[in-house]
Amino acid sequence: MKNAKTSLRELLSCVSPEERAEARLSFQISNRLDALMKEKGLSKKQFADAIGKRPSEITRWLSGEHNFTISTLAMLSSYFNKPIISVE
């Protein structure tokens, strides 16, 4: 098990602070989107239909690996009538 931990540390040491920050923000956005969907009681399909997207796109959004555009974030904020992200 020690080798696996060492390997993970080695892998993580190769990730730049910028890449870590990007990944963290991506997962925060997907978690926020998931929470807002649950708050409204929406399934992926219902949400996709409501905003004119395919359920597979919603799945990508919820994976935490999607690179959202500002336009998409604004549309989502408008749809939920709540902020998706906050800029300080």
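Along the sequence shown, the residues carry numbers beginning at 1.
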Notebook entry, point to check: Where do Pro55 and Ala48 come nearest, in terms of heavy atoms and distance?
Noted result: N-CB, 3.6 Å
Margin query: Applying a strict under-4.5 Å side-chain criterion to I, L, V, M, F, W and Y, I'd like to know whether Ile85 and Leu62 cluster together.
Written below: yes
Notebook entry, point to check: Which distance, rounded to the nearest 0.5 Å, do you find between the OG1 of Thr72 and the OH of Tyr79?
Noted result: 15.0 Å
Check: Is there a side-chain contact between Thr59 and Lys44, using heavy atoms and a 4.5 Å cut-off?
Finding: yes
Checklist line | Trace of the side-chain contact (heavy atoms from CB on, under 4.5 Å) decision for Met37 with Ile58 | finding: CA-CA 11 Å; Met37 287 173 57; Ile58 305 307; 4.2 Å; yes
Margin query: How about NZ on Lys40, more than 12 heavy atoms from neighbouring residues, nucleotides or ligands closer than 6.0 Å, or not?
Written below: yes
Checklist line | Any donor-acceptor pair under 3.5 Å from Glu57 side chain to Arg54 backbone | finding: no
Notebook entry, point to check: Can you hop from Leu36 to Leu25 via hydrophobic side chains spaced under 4.5 Å?
Noted result: no
Next item on the list: Could you check whether the rings of Phe68 and Trp61 sit parallel, tilted or perpendicular, using 30° and 60° as the cut-offs?
Entry: tilted
Item checked: Closest heavy-atom pair and its distance - Gln46, Gly41 -> OE1-O, 3.5 Å
Notebook entry, point to check: Is there a donor-acceptor pair closer than 3.5 Å between any side-chain N or O of Ser77 and the backbone N or O of Ile84?
Noted result: yes
Checklist line | Over all atoms of both residues, closest heavy-atom pair of Cys14 and Glu19 | finding: O-OE1, 4.2 Å
Next item on the list: Could you tell me whether a side-chain N or O of Ser78 sits under 3.5 Å from a main-chain N or O of Met75, the two making a donor and an acceptor?
Entry: no
Item checked: Main-chain N/O of Ser30 paired to Asp34 side chain as donor or acceptor, under 3.5 Å -> no
